Protein chains: 2
Amino acid sequence: MNDDFQDVTTAELAVLQALWRSGTSTIRQLARSIYDDESAAAYGTVQKLLDRLEAKGHVRRERGPTHVFAASTARDELIGRRLRAVADTLCDGSLAPLLTHLVQADRLSSVERDELRALVERLDGERKSRINGRPRS
Amino acid sequence: MNDDFQDVTTAELAVLQALWRSGTSTIRQLARSIYDDESAAAYGTVQKLLDRLEAKGHVRRERGPTHVFAASTARDELIGRRLRAVADTLCDGSLAPLLTHLVQADRLSSVERDELRALVERLDGERKSRINGRPRS
DNA sequence: TGATCCTAAGACGTCTTGTCTGAGATGTCA
DNA sequence: TGACATCTCAGACAAGACGTCTTAGGATCA
């Protein structure tokens, strides 16, 4: 498992968020979108951040007259990595404690709790139909 | 809400873990337990880490001829803080996406999923009885 | 042939983190 | 009382991470 995951810093995350929104961007577009500033300074900053993001494997670069960038790590992937990091450092790698913590009273709004219940029921349904109706291939 | 939460670094966490295990410890005991070393160096290191932990509010110090320390932040509290940090930086502060991520297929064992369902049902029961049986004061 | 835009690369200042050291206070005990 | 051990307190320090900015050089185009 290629698990040399390198986390993303605050400034890098800002770039990544912009890419998640836009899908694809040039440095100049990112500089404008993030810093509202196209100066050489802002430009250079964004460029360096993109370099580091690429080195860490979070960004793909399409070379050309002017490079075009896209995120190669989805927000969901990042969430997962961070959750696992919490589990690893604080729960011996098990995810269950995170869940029980999240589900505990008054940490969730009633809306969130409803969503959760729906989610669990849906999962449960899937599992049942997988077991009864369609033996896994 | 006194929400100037300061997170804990790796070395600080080692100290905190030791305190969670022991309940209460002196610097010397911690130096032995963490570094297996009671040299002045190890001693000083542990002391500095405790100072910082105290400044961040994670540790309580009982003064005396020799100070005795205890964790004032529980493991669960720390888990919660970190989860919220993930939610804040990646989910606009909402915890629900973390849940859906955790609950998603093949991240949980079936045992964990059963536990989760039980947990949700229990919560649901509590909520109902709170609403119907005992109007909140 | 300039002007303009791009990339590449590196040089910082600052902050964090982990570690170590020295100075001084306090207690113990022959 | 005086020597000795053991604390605490406070700061110094190196290494690294982070964010920012600058410079150099190459391509493109009117």
Side-chain angles (χ1 to χ4, degrees), chain A residues 4-19 22 24-70 73 78 81-82 85 89-90, chain B residues 4-19 24-70 73 78 81-82 85 89:
Chain A
D4 49 351
F5 172 75
Q6 299 248 67
D7 205 353
V8 167
T9 69
T10 316
E12 287 167 4
L13 183 60
V15 173
L16 217 44
Q17 309 250 36
L19 284 174
S22 68
T24 177
S25 283
T26 67
I27 298 180
R28 182 158 306 278
Q29 291 168 337
L30 289 168
R32 165 179 290 277
S33 137
I34 297 170
Y35 295 99
D36 191 28
D37 176 3
E38 298 184 27
S39 70
Y43 192 97
T45 300
V46 170
Q47 184 179 33
K48 179 60 72 184
L49 294 174
L50 282 167
D51 287 351
R52 303 214 248 238
L53 279 170
E54 189 189 21
K56 292 179 181 175
H58 296 298
V59 141
R60 218 167 336 100
R61 176 194 311 249
E62 189 177 327
R63 288 171 188 282
T66 126
H67 298 187
V68 177
F69 295 85
T73 297
L78 200 54
R81 294 299 196 154
R82 294 210 170 166
T89 37
L90 291 175
Chain B
D4 50 349
F5 172 75
Q6 300 248 67
D7 204 355
V8 167
T9 69
T10 315
E12 287 167 3
L13 182 60
V15 174
L16 216 45
Q17 309 248 36
L19 284 174
T24 179
S25 283
T26 67
I27 298 180
R28 183 157 304 279
Q29 289 168 339
L30 290 169
R32 165 178 291 277
S33 136
I34 298 170
Y35 295 99
D36 192 27
D37 176 4
E38 298 184 27
S39 70
Y43 192 96
T45 300
V46 170
Q47 184 178 34
K48 179 60 74 184
L49 294 174
L50 282 166
D51 288 349
R52 292 180 182 160
L53 280 169
E54 189 190 21
K56 292 179 182 176
H58 295 298
V59 141
R60 219 169 334 100
R61 176 194 310 249
E62 188 176 326
R63 289 171 187 281
T66 128
H67 298 186
V68 177
F69 296 84
T73 296
L78 199 54
R81 294 298 197 155
R82 295 209 169 167
T89 37

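Hydrogens, waters and symmetry mates are skipped; everything else that's a heavy atom, side chains included, is used. Every chain is numbered from 1, with letters handed out A, B, ... down the list of sequences. Because the structure is predicted, anything quoted here is derived from the model rather than measured.
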State which residue, out of A:His58, A:Gln17, A:Arg52, fulfils the side-chain contact (heavy atoms from CB on, under 4.5 Å) condition with A:Glu12.
-> A:Arg52

Measuring from B:Arg28:CZ to B:Tyr43:OH, what's the distance to the nearest 0.5 Å?
->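 Reported to 0.5 Å precision, the distance equals 5.5 Å.
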
In Å, rounded to the nearest 0.5 Å, how long is the span from OG1 of A:Thr24 to CD of A:Gln29?
-> 7.5 Å

From C:dC20, C:dC6, C:dG10, pick the nucleotide closest to the side chain of A:Thr66?
-> C:dC6

When we call it a touch if two heavy atoms are under 4.0 Å apart, what does A:Ile27 touch: a base, just sugar-phosphate, or nothing?
->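 A:Ile27: backbone/sugar contact only, no base atoms under 4.0 Å.
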
Base, sugar-phosphate alone, or nothing: which one does A:Thr10 contact when heavy atoms must sit under 4.0 Å apart?
->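 The residue A:Thr10 makes sugar-phosphate contact but no base contact.
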
Starting from the 5' end of DNA chain C, give me the residue, B:Ala41 or B:Lys56, whose nearest nucleotide shows up first.
->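 The residue closer to the strand's 5' end, by nearest nucleotide, is B:Lys56.
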
Identify, between A:Arg61 and A:Arg52, the residue whose nearest nucleotide on DNA chain C lies closer to the 5' end.
->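 It is A:Arg61, whose closest nucleotide lies nearer the 5' terminus.
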
Rounding to an integer number of Å, can you tell me how far [X] [atom1] sits from [N] [atom2]?
X: A:Asp51; N: D:dC21; atom1: CG; atom2: P; value: 16 Å
X: A:Glu38; N: C:dT4; atom1: CD; atom2: C1'; value: 14 Å
X: A:Ile34; N: D:dT20; atom1: CD1; atom2: P; value: 10 Å
X: A:Lys48; N: C:dA8; atom1: NZ; atom2: C1'; value: 8 Å
X: B:His67; N: D:dT6; atom1: NE2; atom2: C1'; value: 12 Å
X: B:Leu49; N: C:dT17; atom1: CG; atom2: P; value: 11 Å
X: B:Gln47; N: D:dT6; atom1: CD; atom2: P; value: 16 Å
X: B:Leu50; N: C:dT17; atom1: CG; atom2: P; value: 16 Å

Quick one: does B:Lys56's side chain have a donor or acceptor within less than 3.5 Å of a partner on B:Phe5's backbone?
-> no

Is there a side-chain contact between [X] and the phosphate of [N], meaning an N or O under 4.0 Å from OP1 or OP2?
X: B:Tyr43; N: C:dT21; answer: no
X: B:Thr9; N: C:dG18; answer: yes
X: B:Arg63; N: C:dA25; answer: no

Looking at D:dC18, does its base get a donor-acceptor pair with the side chain of A:Glu12 below 3.5 Å?
-> no

Exactly one candidate in A:Arg61, A:Arg60, A:Lys48 meets salt bridge (charged side-chain N to carboxylate O under 4.0 Å, His left out) with A:Glu54; the answer is A:Arg61

